[in-house]
Amino acid sequence: MDESLKHITAFDCLPFDTEAVTGDVLQEFMQSQSKNVFWFSAEYNANDESKLVEYDYRSNQWTAGRFVGEADFECDNHRYRITIKPRFGEKVLFRMLEEIFNIRITTSASQTSKSVDWQHYIKRIIAFIWLQKLANANLHGVPKTQVQREHKGQTIRGRLDVRRSIKPLHQNSEVISSYREKQVDEHIAQIIFQAYQILKSDFDMGKINIPDSAKDAINQIHTVVQNKVHLSESDYRNIKYKDIYLSWKPVVDLSWDIIKRKQFSLKQDKAKQGFGFFIDMAEVWEQYLRATLKKHLLPHGWRSKNEKEKQVAYKGYFFQRELIPDLVFQKENEIAIWDAKYKQMKGRYYDVDRSDFFQIHTYIQYQLNHKTVKAGGLLYPISCSPNFDEYKSPHLINEEGVKLNFSVDGIELSEGEDNEKHVQAEAAFINRIIKSIS
(Lines give C-alpha, C1' and ligand atoms only; values in the text may rest on other atoms or scores of the structure.)
Protein backbone atom coordinates (compact mmCIF):
# COMPACT_ATOMS: atom_id res chain seq x y z
CA MET A 1 0.00 0.00 0.00
CA ASP A 2 1.15 3.54 -0.77
CA GLU A 3 1.91 5.07 2.67
CA SER A 4 1.92 8.70 1.45
CA LEU A 5 -1.13 10.69 2.56
CA LYS A 6 -3.05 12.68 -0.04
CA HIS A 7 -4.80 15.65 1.58
CA ILE A 8 -7.88 17.14 -0.10
CA THR A 9 -9.53 20.33 1.21
CA ALA A 10 -13.02 21.54 0.32
CA PHE A 11 -15.76 23.82 1.69
CA ASP A 12 -19.29 22.83 2.66
CA CYS A 13 -21.90 23.04 -0.13
CA LEU A 14 -19.22 23.96 -2.71
CA PRO A 15 -17.62 21.85 -5.48
CA PHE A 16 -14.51 19.72 -4.99
CA ASP A 17 -11.45 20.33 -7.10
CA THR A 18 -11.95 17.69 -9.80
CA GLU A 19 -8.20 17.58 -10.49
CA ALA A 20 -7.46 16.73 -6.85
CA VAL A 21 -9.94 13.90 -6.28
CA THR A 22 -11.89 11.31 -8.28
CA GLY A 23 -15.48 10.18 -7.93
CA ASP A 24 -14.38 6.72 -6.72
CA VAL A 25 -12.47 8.25 -3.82
CA LEU A 26 -15.41 10.49 -2.87
CA GLN A 27 -17.84 7.58 -2.95
CA GLU A 28 -15.55 5.57 -0.64
CA PHE A 29 -15.29 8.63 1.63
CA MET A 30 -19.08 8.95 1.73
CA GLN A 31 -19.72 5.26 2.43
CA SER A 32 -17.04 4.87 5.12
CA GLN A 33 -17.74 8.13 6.99
CA SER A 34 -21.54 8.54 6.79
CA LYS A 35 -22.01 7.55 10.46
CA ASN A 36 -19.35 9.93 11.77
CA VAL A 37 -21.64 12.95 12.14
CA PHE A 38 -21.97 14.57 15.56
CA TRP A 39 -25.17 16.43 16.53
CA PHE A 40 -25.30 18.90 19.43
CA SER A 41 -28.96 18.28 20.23
CA ALA A 42 -30.67 14.95 20.79
CA GLU A 43 -33.91 16.52 19.50
CA TYR A 44 -32.51 17.66 16.17
CA ASN A 45 -34.50 16.18 13.30
CA ALA A 46 -31.71 15.43 10.82
CA ASN A 47 -32.59 14.71 7.22
CA ASP A 48 -31.42 11.15 6.59
CA GLU A 49 -31.11 11.87 2.87
CA SER A 50 -28.34 14.45 3.39
CA LYS A 51 -24.90 13.16 2.43
CA LEU A 52 -21.30 14.15 3.04
CA VAL A 53 -20.84 14.36 -0.73
CA GLU A 54 -23.37 14.79 -3.53
CA TYR A 55 -23.18 14.90 -7.29
CA ASP A 56 -24.61 18.08 -8.77
CA TYR A 57 -26.08 17.12 -12.13
CA ARG A 58 -26.72 20.77 -13.00
CA SER A 59 -23.00 21.61 -12.94
CA ASN A 60 -21.69 18.04 -13.44
CA GLN A 61 -19.52 18.33 -10.35
CA TRP A 62 -19.01 16.55 -7.05
CA THR A 63 -20.05 18.89 -4.25
CA ALA A 64 -19.42 18.76 -0.50
CA GLY A 65 -22.52 18.36 1.65
CA ARG A 66 -23.54 20.59 4.54
CA PHE A 67 -21.12 18.96 7.01
CA VAL A 68 -17.74 20.25 8.19
CA GLY A 69 -14.96 18.12 9.63
CA GLU A 70 -12.22 15.76 8.59
CA ALA A 71 -11.68 12.07 7.84
CA ASP A 72 -8.76 9.72 7.18
CA PHE A 73 -9.52 6.63 5.11
CA GLU A 74 -8.18 4.24 2.50
CA CYS A 75 -9.21 3.70 -1.10
CA ASP A 76 -7.52 1.38 -3.61
CA ASN A 77 -4.47 0.96 -1.37
CA HIS A 78 -3.95 4.72 -1.04
CA ARG A 79 -4.36 6.83 2.10
CA TYR A 80 -6.50 9.96 1.94
CA ARG A 81 -7.50 12.79 4.23
CA ILE A 82 -10.49 14.93 3.29
CA THR A 83 -11.03 18.18 5.16
CA ILE A 84 -14.28 20.11 4.73
CA LYS A 85 -14.30 23.60 6.22
CA PRO A 86 -17.16 26.10 6.69
CA ARG A 87 -17.63 28.09 3.49
CA PHE A 88 -18.24 31.32 5.38
CA GLY A 89 -15.08 30.99 7.47
CA GLU A 90 -14.25 29.86 10.97
CA LYS A 91 -15.13 33.18 12.64
CA VAL A 92 -18.74 32.88 11.47
CA LEU A 93 -18.92 29.32 12.81
CA PHE A 94 -17.63 30.50 16.20
CA ARG A 95 -20.09 33.38 16.21
CA MET A 96 -22.95 30.95 15.61
CA LEU A 97 -21.78 28.58 18.36
CA GLU A 98 -21.42 31.49 20.79
CA GLU A 99 -25.00 32.59 20.13
CA ILE A 100 -26.39 29.04 20.39
CA PHE A 101 -24.73 28.18 23.70
CA ASN A 102 -24.52 31.70 25.17
CA ILE A 103 -20.76 31.43 25.62
CA ARG A 104 -17.63 33.18 24.47
CA ILE A 105 -15.15 30.87 22.78
CA THR A 106 -11.71 31.76 24.12
CA THR A 107 -8.61 32.22 21.97
CA SER A 108 -7.08 29.00 23.36
CA ALA A 109 -10.15 26.98 22.37
CA SER A 110 -10.42 28.44 18.87
CA GLN A 111 -6.73 28.62 18.10
CA THR A 112 -5.45 26.21 15.49
CA SER A 113 -2.21 25.68 13.64
CA LYS A 114 -0.94 23.76 10.66
CA SER A 115 0.09 20.92 12.99
CA VAL A 116 -3.46 20.47 14.33
CA ASP A 117 -5.90 18.38 12.28
CA TRP A 118 -9.23 20.06 11.52
CA GLN A 119 -11.18 17.25 13.21
CA HIS A 120 -9.22 17.78 16.43
CA TYR A 121 -9.84 21.51 16.13
CA ILE A 122 -13.60 20.91 15.93
CA LYS A 123 -13.37 18.46 18.84
CA ARG A 124 -11.66 21.07 20.99
CA ILE A 125 -14.55 23.46 20.35
CA ILE A 126 -17.04 20.71 21.32
CA ALA A 127 -15.05 20.06 24.52
CA PHE A 128 -15.25 23.77 25.33
CA ILE A 129 -19.02 23.80 24.73
CA TRP A 130 -19.42 20.71 26.93
CA LEU A 131 -17.57 22.41 29.78
CA GLN A 132 -19.69 25.53 29.47
CA LYS A 133 -22.89 23.46 29.48
CA LEU A 134 -21.68 21.58 32.56
CA ALA A 135 -20.85 24.85 34.34
CA ASN A 136 -24.28 26.29 33.47
CA ALA A 137 -26.03 23.10 34.63
CA ASN A 138 -24.38 23.01 38.06
CA LEU A 139 -26.69 25.52 39.73
CA HIS A 140 -27.85 23.27 42.58
CA GLY A 141 -25.22 20.54 42.53
CA VAL A 142 -25.26 17.21 40.72
CA PRO A 143 -28.82 15.73 40.41
CA LYS A 144 -29.81 13.53 43.33
CA THR A 145 -32.51 10.92 43.85
CA GLN A 146 -34.16 9.51 46.97
CA VAL A 147 -33.12 5.96 47.91
CA GLN A 148 -34.29 3.75 50.78
CA ARG A 149 -31.68 2.47 53.24
CA GLU A 150 -31.85 -0.09 56.04
CA HIS A 151 -30.30 0.42 59.47
CA LYS A 152 -29.63 -2.26 62.07
CA GLY A 153 -28.51 -1.25 65.56
CA GLN A 154 -29.56 -0.10 68.95
CA THR A 155 -30.93 3.17 67.60
CA ILE A 156 -33.79 3.82 65.19
CA ARG A 157 -33.28 5.72 61.93
CA GLY A 158 -36.52 6.61 60.19
CA ARG A 159 -39.32 4.05 60.41
CA LEU A 160 -39.07 1.05 62.74
CA ASP A 161 -39.72 -2.34 61.12
CA VAL A 162 -41.45 -4.01 64.08
CA ARG A 163 -41.93 -7.42 62.52
CA ARG A 164 -38.31 -7.84 61.41
CA SER A 165 -36.96 -6.40 64.66
CA ILE A 166 -38.42 -9.06 66.99
CA LYS A 167 -35.66 -11.63 66.54
CA PRO A 168 -32.58 -9.31 66.50
CA LEU A 169 -34.01 -7.42 69.51
CA HIS A 170 -34.24 -10.66 71.50
CA GLN A 171 -30.79 -11.92 70.39
CA ASN A 172 -28.62 -8.77 70.23
CA SER A 173 -30.76 -5.92 71.60
CA GLU A 174 -30.87 -4.45 68.10
CA VAL A 175 -33.73 -3.24 65.92
CA ILE A 176 -34.19 -2.81 62.17
CA SER A 177 -35.39 0.46 60.73
CA SER A 178 -35.58 2.02 57.28
CA TYR A 179 -34.90 5.58 56.17
CA ARG A 180 -34.59 7.57 52.98
CA GLU A 181 -31.62 9.63 51.91
CA LYS A 182 -30.45 11.50 48.84
CA GLN A 183 -27.71 10.18 46.60
CA VAL A 184 -26.28 11.33 43.29
CA ASP A 185 -28.29 9.98 40.33
CA GLU A 186 -26.11 7.06 39.26
CA HIS A 187 -27.08 7.15 35.57
CA ILE A 188 -26.46 10.89 35.17
CA ALA A 189 -23.20 10.64 37.09
CA GLN A 190 -22.03 7.71 34.99
CA ILE A 191 -22.87 9.47 31.69
CA ILE A 192 -21.04 12.65 32.73
CA PHE A 193 -18.09 10.59 34.03
CA GLN A 194 -17.71 8.62 30.80
CA ALA A 195 -18.07 11.70 28.59
CA TYR A 196 -15.43 13.51 30.65
CA GLN A 197 -12.98 10.60 30.25
CA ILE A 198 -13.53 10.59 26.47
CA LEU A 199 -13.12 14.37 26.23
CA LYS A 200 -9.88 14.21 28.20
CA SER A 201 -8.38 11.48 26.02
CA ASP A 202 -9.78 12.27 22.56
CA PHE A 203 -10.98 15.89 22.49
CA ASP A 204 -7.90 17.86 23.60
CA MET A 205 -9.62 19.08 26.77
CA GLY A 206 -6.32 19.41 28.63
CA LYS A 207 -5.58 22.64 26.76
CA ILE A 208 -8.81 24.35 27.89
CA ASN A 209 -9.33 26.23 31.15
CA ILE A 210 -12.10 24.51 33.11
CA PRO A 211 -14.63 26.87 34.80
CA ASP A 212 -14.83 26.56 38.60
CA SER A 213 -18.48 25.45 38.48
CA ALA A 214 -17.61 22.66 36.02
CA LYS A 215 -14.66 21.59 38.19
CA ASP A 216 -16.97 21.39 41.20
CA ALA A 217 -19.42 19.15 39.30
CA ILE A 218 -16.61 16.89 38.06
CA ASN A 219 -15.22 16.57 41.61
CA GLN A 220 -18.67 15.70 42.98
CA ILE A 221 -19.09 12.98 40.37
CA HIS A 222 -15.62 11.55 41.02
CA THR A 223 -16.52 11.05 44.69
CA VAL A 224 -19.28 8.60 43.73
CA VAL A 225 -18.05 7.17 40.39
CA GLN A 226 -14.60 5.64 39.99
CA ASN A 227 -15.16 3.03 37.29
CA LYS A 228 -16.99 2.86 33.99
CA VAL A 229 -20.26 0.89 34.00
CA HIS A 230 -22.11 -0.09 30.82
CA LEU A 231 -25.27 1.92 30.22
CA SER A 232 -27.95 1.04 27.69
CA GLU A 233 -30.00 3.36 25.51
CA SER A 234 -32.92 2.49 27.80
CA ASP A 235 -30.98 3.70 30.86
CA TYR A 236 -30.42 7.04 29.13
CA ARG A 237 -34.01 7.39 27.88
CA ASN A 238 -35.47 6.61 31.32
CA ILE A 239 -33.65 9.39 33.17
CA LYS A 240 -36.16 11.60 34.99
CA TYR A 241 -35.34 15.22 35.84
CA LYS A 242 -36.87 17.10 38.74
CA ASP A 243 -37.63 20.75 37.99
CA ILE A 244 -34.65 21.89 40.02
CA TYR A 245 -32.31 19.77 37.89
CA LEU A 246 -33.75 20.46 34.40
CA SER A 247 -30.64 22.51 33.58
CA TRP A 248 -28.70 19.23 33.44
CA LYS A 249 -30.60 17.75 30.51
CA PRO A 250 -28.65 19.57 27.72
CA VAL A 251 -25.24 18.47 29.05
CA VAL A 252 -26.46 14.89 29.65
CA ASP A 253 -27.82 14.72 26.07
CA LEU A 254 -24.54 16.05 24.67
CA SER A 255 -22.55 13.63 26.85
CA TRP A 256 -24.58 10.67 25.64
CA ASP A 257 -23.91 11.59 22.02
CA ILE A 258 -20.18 11.83 22.79
CA ILE A 259 -20.29 8.34 24.32
CA LYS A 260 -22.14 6.91 21.31
CA ARG A 261 -19.66 8.53 18.89
CA LYS A 262 -16.81 6.90 20.81
CA GLN A 263 -18.45 3.47 20.68
CA PHE A 264 -18.98 3.78 16.94
CA SER A 265 -15.41 4.95 16.29
CA LEU A 266 -14.05 1.89 18.12
CA LYS A 267 -16.16 -0.42 15.94
CA GLN A 268 -15.06 1.49 12.87
CA ASP A 269 -11.39 1.21 13.82
CA LYS A 270 -11.73 -2.56 14.20
CA ALA A 271 -13.27 -2.71 10.72
CA LYS A 272 -10.36 -0.54 9.45
CA GLN A 273 -12.68 1.99 7.88
CA GLY A 274 -10.53 4.95 8.92
CA PHE A 275 -11.68 7.67 11.27
CA GLY A 276 -13.61 10.90 10.81
CA PHE A 277 -15.53 13.54 12.69
CA PHE A 278 -18.13 15.95 11.27
CA ILE A 279 -20.70 18.42 12.54
CA ASP A 280 -23.90 19.30 10.69
CA MET A 281 -23.93 22.96 9.65
CA ALA A 282 -27.68 22.74 9.00
CA GLU A 283 -28.19 22.04 12.72
CA VAL A 284 -25.81 24.87 13.65
CA TRP A 285 -27.62 27.30 11.32
CA GLU A 286 -31.07 26.38 12.64
CA GLN A 287 -30.06 26.60 16.29
CA TYR A 288 -28.22 29.87 15.66
CA LEU A 289 -31.31 31.43 14.06
CA ARG A 290 -33.51 30.18 16.91
CA ALA A 291 -31.19 31.61 19.59
CA THR A 292 -30.85 34.95 17.76
CA LEU A 293 -34.58 35.34 17.11
CA LYS A 294 -35.45 34.35 20.69
CA LYS A 295 -33.18 37.04 22.08
CA HIS A 296 -34.42 39.83 19.82
CA LEU A 297 -38.14 38.99 19.50
CA LEU A 298 -38.87 38.41 23.19
CA PRO A 299 -38.76 42.17 24.04
CA HIS A 300 -41.48 42.64 21.40
CA GLY A 301 -43.74 40.04 23.07
CA TRP A 302 -42.96 37.14 20.70
CA ARG A 303 -42.09 33.84 22.33
CA SER A 304 -40.60 30.73 20.75
CA LYS A 305 -42.99 27.81 20.85
CA ASN A 306 -41.75 24.40 21.95
CA GLU A 307 -38.78 23.43 19.84
CA LYS A 308 -39.79 20.88 17.23
CA GLU A 309 -43.42 20.96 18.34
CA LYS A 310 -45.20 18.39 16.23
CA GLN A 311 -48.51 18.86 14.51
CA VAL A 312 -50.27 16.05 12.71
CA ALA A 313 -52.01 16.42 9.37
CA TYR A 314 -54.91 14.01 8.69
CA LYS A 315 -54.63 12.48 12.13
CA GLY A 316 -56.06 8.98 12.30
CA TYR A 317 -55.75 8.28 8.58
CA PHE A 318 -53.18 5.85 7.21
CA PHE A 319 -51.61 8.74 5.28
CA GLN A 320 -51.24 11.02 8.32
CA ARG A 321 -48.00 13.03 8.45
CA GLU A 322 -46.19 15.01 11.13
CA LEU A 323 -45.57 18.70 10.46
CA ILE A 324 -42.46 19.98 12.23
CA PRO A 325 -41.52 23.55 11.28
CA ASP A 326 -38.09 24.74 12.43
CA LEU A 327 -38.93 28.14 13.90
CA VAL A 328 -42.33 29.07 15.34
CA PHE A 329 -42.94 32.25 17.34
CA GLN A 330 -46.22 33.34 18.89
CA LYS A 331 -47.66 36.54 20.35
CA GLU A 332 -51.16 36.03 21.75
CA ASN A 333 -53.19 34.75 18.77
CA GLU A 334 -50.60 35.76 16.18
CA ILE A 335 -47.92 33.43 14.87
CA ALA A 336 -44.84 33.49 12.62
CA ILE A 337 -43.31 30.42 10.97
CA TRP A 338 -39.97 30.00 9.26
CA ASP A 339 -37.85 27.10 8.04
CA ALA A 340 -34.07 27.35 8.30
CA LYS A 341 -32.20 26.22 5.16
CA TYR A 342 -28.43 25.90 5.11
CA LYS A 343 -28.17 25.86 1.34
CA GLN A 344 -26.67 28.14 -1.26
CA MET A 345 -28.76 31.24 -1.88
CA LYS A 346 -27.62 33.59 -4.62
CA GLY A 347 -31.03 34.70 -5.82
CA ARG A 348 -31.28 32.13 -8.60
CA TYR A 349 -34.59 30.44 -9.38
CA TYR A 350 -33.28 26.96 -8.54
CA ASP A 351 -31.79 28.07 -5.19
CA VAL A 352 -35.27 27.67 -3.65
CA ASP A 353 -35.82 23.93 -3.58
CA ARG A 354 -39.28 22.87 -4.75
CA SER A 355 -39.92 20.62 -1.74
CA ASP A 356 -38.77 23.34 0.71
CA PHE A 357 -41.10 25.84 -0.98
CA PHE A 358 -44.19 23.67 -0.71
CA GLN A 359 -43.28 22.45 2.78
CA ILE A 360 -43.27 25.94 4.31
CA HIS A 361 -46.59 26.71 2.60
CA THR A 362 -48.05 23.55 4.16
CA TYR A 363 -46.90 24.68 7.61
CA ILE A 364 -48.40 28.14 7.11
CA GLN A 365 -51.70 26.77 5.79
CA TYR A 366 -52.00 24.44 8.79
CA GLN A 367 -51.52 27.34 11.23
CA LEU A 368 -54.04 29.50 9.36
CA ASN A 369 -56.72 27.10 10.58
CA HIS A 370 -55.96 28.06 14.19
CA LYS A 371 -54.11 31.39 14.35
CA THR A 372 -53.45 34.66 12.55
CA VAL A 373 -50.19 34.14 10.65
CA LYS A 374 -48.23 37.39 10.48
CA ALA A 375 -45.16 36.18 8.61
CA GLY A 376 -43.44 33.11 7.24
CA GLY A 377 -40.81 31.96 4.81
CA LEU A 378 -37.40 30.40 4.28
CA LEU A 379 -34.23 31.65 5.98
CA TYR A 380 -30.84 31.14 4.32
CA PRO A 381 -27.26 32.31 4.60
CA ILE A 382 -27.37 34.67 1.59
CA SER A 383 -24.31 34.89 -0.67
CA CYS A 384 -25.34 37.88 -2.74
CA SER A 385 -26.40 41.49 -2.17
CA PRO A 386 -30.15 41.39 -2.82
CA ASN A 387 -32.82 44.02 -2.85
CA PHE A 388 -34.83 42.48 -0.02
CA ASP A 389 -38.00 44.24 -1.15
CA GLU A 390 -37.95 41.83 -4.12
CA TYR A 391 -37.56 38.86 -1.75
CA LYS A 392 -40.90 39.32 0.02
CA SER A 393 -44.61 39.26 -0.78
CA PRO A 394 -47.41 40.90 1.27
CA HIS A 395 -49.73 38.03 0.37
CA LEU A 396 -49.62 34.24 0.51
CA ILE A 397 -49.15 32.82 -3.02
CA ASN A 398 -50.81 35.76 -4.88
CA GLU A 399 -52.76 39.00 -4.38
CA GLU A 400 -55.93 37.03 -3.75
CA GLY A 401 -54.26 35.05 -0.99
CA VAL A 402 -54.18 35.68 2.76
CA LYS A 403 -52.51 38.91 3.76
CA LEU A 404 -49.22 38.03 5.47
CA ASN A 405 -45.55 38.72 4.91
CA PHE A 406 -44.00 35.80 3.04
CA SER A 407 -40.29 36.15 2.37
CA VAL A 408 -37.04 34.49 1.44
CA ASP A 409 -34.66 36.10 3.89
CA GLY A 410 -31.59 35.48 5.98
CA ILE A 411 -28.17 36.87 6.82
CA GLU A 412 -25.79 38.10 4.13
CA LEU A 413 -22.54 36.12 4.29
CA SER A 414 -19.73 35.99 1.74
CA GLU A 415 -18.23 32.66 0.76
CA GLY A 416 -14.52 32.31 1.46
CA GLU A 417 -14.16 35.69 3.16
CA ASP A 418 -13.63 36.88 6.73
CA ASN A 419 -17.19 38.24 6.99
CA GLU A 420 -16.13 41.07 9.28
CA LYS A 421 -19.60 42.63 8.82
CA HIS A 422 -21.40 39.55 10.12
CA VAL A 423 -22.74 41.38 13.19
CA GLN A 424 -24.11 44.24 11.07
CA ALA A 425 -25.70 41.78 8.62
CA GLU A 426 -27.29 39.96 11.55
CA ALA A 427 -28.72 43.21 12.91
CA ALA A 428 -30.16 44.13 9.50
CA PHE A 429 -31.80 40.70 9.30
CA ILE A 430 -33.38 41.12 12.75
CA ASN A 431 -34.74 44.53 11.78
CA ARG A 432 -36.41 43.07 8.67
CA ILE A 433 -37.96 40.25 10.72
CA ILE A 434 -39.30 42.64 13.37
CA LYS A 435 -40.77 44.84 10.65
CA SER A 436 -42.47 41.81 9.05
CA ILE A 437 -44.31 40.86 12.27
CA SER A 438 -45.18 44.38 13.43
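Proximity of Val402 to Ile364: side-chain heavy atoms (C-beta onward) are nowhere separated by under 4.5 Å. Using a 4.5 Å cut-off on side-chain heavy atoms (C-beta onward), Asp409 and Arg432 make contact. Between Phe429 and Ile382, the closest side-chain pair of non-hydrogen atoms is not below 4.5 Å. Put simply, the side chain of Leu323 does not reach to within 4.5 Å of the side chain of Val312, judged on heavy atoms. Between Gln33 and Phe73, some side-chain heavy-atom pair lies under the 4.5 Å cut-off. Taking the side chain as every heavy atom from C-beta outward, Phe88 and Ser383 approach each other to under 4.5 Å. The closest side-chain heavy-atom distance from Lys260 to Glu233 is below 4.5 Å. Residues Ser407 and Phe388 have side chains not in contact (no heavy-atom distance under 4.5 Å, counting atoms from C-beta outward).
Residues Glu98 and Lys91 are not paired through a salt bridge, judged by the lack of any N-O separation under 4.0 Å between the basic side chain and the carboxylate. A salt bridge does not link Glu70 to Lys85: none of the charged nitrogens lies less than 4.0 Å from a carboxylate oxygen. A salt bridge is defined here as a Lys NZ or Arg NE, NH1 or NH2 lying under 4.0 Å from an Asp or Glu carboxylate O, and Asp185 with Lys240 fails to meet this definition. Under 4.0 Å is where a charged nitrogen must lie from a carboxylate oxygen, and between Arg66 and Asp12 no such pair does. Using a 4.0 Å cut-off between charged side-chain N and carboxylate O, Glu415 and Arg87 make a salt bridge. Using a cut-off of 4.0 Å between Lys/Arg side-chain N and Asp/Glu carboxylate O, Lys295 and Glu99 are scored as salt-bridged.
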Start with the C-alpha distance between Asn136 and Gln132, add both sets of side-chain angles, then the distance that settles side-chain hydrogen bond (donor to acceptor under 3.5 Å, both in side chains), and finish with yes or no.
CA-CA 6 Å; Asn136 294 338; Gln132 295 298 320; 5.3 Å; no
Under the criterion ring pair (Phe, Tyr, Trp, His ring centres under 6.0 Å), I'd like the reasoning laid out for Phe38 against Phe277: C-alpha separation, chi angles, the key distance, then a yes or no.
CA-CA 7 Å; Phe38 179 92; Phe277 193 92; 5.7 Å; yes
Between Asp280 and Trp39, does the side-chain hydrogen bond (donor to acceptor under 3.5 Å, both in side chains) criterion hold? Intermediate values first, please.
CA-CA 7 Å; Asp280 187 348; Trp39 282 281; 3.1 Å; yes
Stepwise side-chain contact (heavy atoms from CB on, under 4.5 Å) test for Leu139 and Ile244:
CA-CA 9 Å; Leu139 300 174; Ile244 195 173; over 6 Å; no
Walk me through it: do Tyr288 and Glu426 pass the test side-chain hydrogen bond (donor to acceptor under 3.5 Å, both in side chains)?
CA-CA 11 Å; Tyr288 161 65; Glu426 181 185 286; 2.5 Å; yes
So Gln311 and Ile324, side-chain contact (heavy atoms from CB on, under 4.5 Å) or not? Walk me through it.
CA-CA 7 Å; Gln311 292 115 16; Ile324 316 174; over 6 Å; no
Evaluate the side-chain contact (heavy atoms from CB on, under 4.5 Å) criterion for residues Ile279 and Phe67: first the C-alpha distance (whole Å), next the side-chain angles of each, then the deciding distance (0.1 Å), finally the verdict.
CA-CA 6 Å; Ile279 60 175; Phe67 307 92; over 6 Å; no
What's the verdict on side-chain contact (heavy atoms from CB on, under 4.5 Å) for Ile360 and Ile337, showing C-alpha distance, side-chain angles and the deciding distance?
CA-CA 8 Å; Ile360 188 62; Ile337 313 157; 4.1 Å; yes
Begin from the C-alpha positions of Lys341 and Glu286 and carry the test salt bridge (charged side-chain N to carboxylate O under 4.0 Å, His left out) through to its verdict.
CA-CA 8 Å; Lys341 299 299 174 185; Glu286 180 186 320; over 6 Å; no
List the steps and the verdict of ring pair (Phe, Tyr, Trp, His ring centres under 6.0 Å) for His222 and Phe193.
CA-CA 7 Å; His222 276 147; Phe193 173 81; 5.6 Å; yes
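Interatomic distance, CG of Leu327 versus NZ of Lys305, reported as 13.5 Å (0.5 Å rounding). For the atom pair CZ (Arg237) and CD1 (Ile239), the distance works out to 10.0 Å, reported to the nearest 0.5 Å. Atom CG of residue Leu131 and atom NZ of residue Lys215 lie 10.5 Å apart, to the nearest 0.5 angstrom.
Side-chain atoms of Lys242 never come within 3.5 Å of backbone atoms of Thr145 as a donor-acceptor pair (strictly under, hydrogens ignored). Formation of a donor-acceptor pair under 3.5 Å by the Glu28 side chain with backbone atoms of Asp24 is not found in this model. A donor-acceptor contact shorter than 3.5 Å links the side chain of Asp339 to the backbone of Asp326. Judged purely by atom type and a 3.5 angstrom limit, Gln330 uses its side chain to pair as donor or acceptor with the backbone of Glu332. With hydrogens and angles disregarded, no donor-acceptor distance shorter than 3.5 Å links the side chain of Asn138 to the backbone of Leu134. Side-chain N or O atoms of Thr292 include none that pairs as donor or acceptor with a backbone N or O of Leu289 at under 3.5 Å. Between the side chain of Lys392 and the main chain of Ser436, no donor-acceptor pair closer than 3.5 Å is present. When atom types are taken as modelled, the side chain of Gln190 and the backbone of Val229 share a donor-acceptor pair closer than 3.5 angstrom. For Asp351 (side chain) and Lys346 (main-chain N/O), a donor-acceptor pair under 3.5 Å exists by modelled atom type.
Residues Trp62 and Thr18 bring no donor and acceptor atom of their side chains to less than 3.5 Å of each other. Side-chain contact annotation: Gln359 with Tyr363, donor-acceptor N/O pair under 3.5 Å present. Side-chain polar atoms of Asp235 and Ser232 form a donor-acceptor pair below 3.5 angstrom. Looking at Trp302 and Glu334, their side chains never bring a donor and an acceptor atom within 3.5 Å of each other.
The environment of Arg348 atom CZ is dense: over 12 non-hydrogen atoms of other residues, nucleotides or ligands sit within 6.0 angstrom. Around CD of Glu399, the count of heavy atoms belonging to other residues, nucleotides or ligands within 6.0 Å does not exceed 12.
Counting all heavy atoms, side chain and backbone alike, Ser438 lies closest to Lys374 at O-NZ, 3.5 Å. Taking all atoms of both residues into account, the shortest heavy-atom contact from Val142 to Trp248 is CA-CZ2, 3.7 Å. Summarising the geometry of Tyr245 relative to His140, their closest heavy-atom pair is CE2-O, 3.9 Å, with the distance given to 0.1 Å. Nearest approach of Ala375 to Trp338, heavy atoms of both residues: CB-CZ2, 4.2 Å. Heavy-atom minimum distance, Met30 versus Val53: SD-O, 3.1 Å. For the pair Tyr380 and Asp353, the tightest heavy-atom approach, listed with the atom from each and the gap, is OH-N, 4.4 Å.
Ring-centre distance between Tyr80 and Phe29: not below the 6.0 Å cut-off. Residues His395 and Phe406 keep their aromatic ring centres 6.0 Å or farther apart.
Ring-plane geometry between His361 and Phe357 is classed as tilted, the angle between the planes lying from 30 to 60 degrees on a 0 to 90 degree scale. Using a 30° and 60° split on the angle between ring planes, Tyr196 and Trp130 fall in the parallel class, below 30°.
A cation-pi contact, defined as under 6.0 Å to the ring centre and within 45° of the axis, is absent between Arg303 and Phe329. Relative to the ring axis of Tyr314, Arg321 does not place its NZ or CZ within 45° and under 6.0 Å from the centre.
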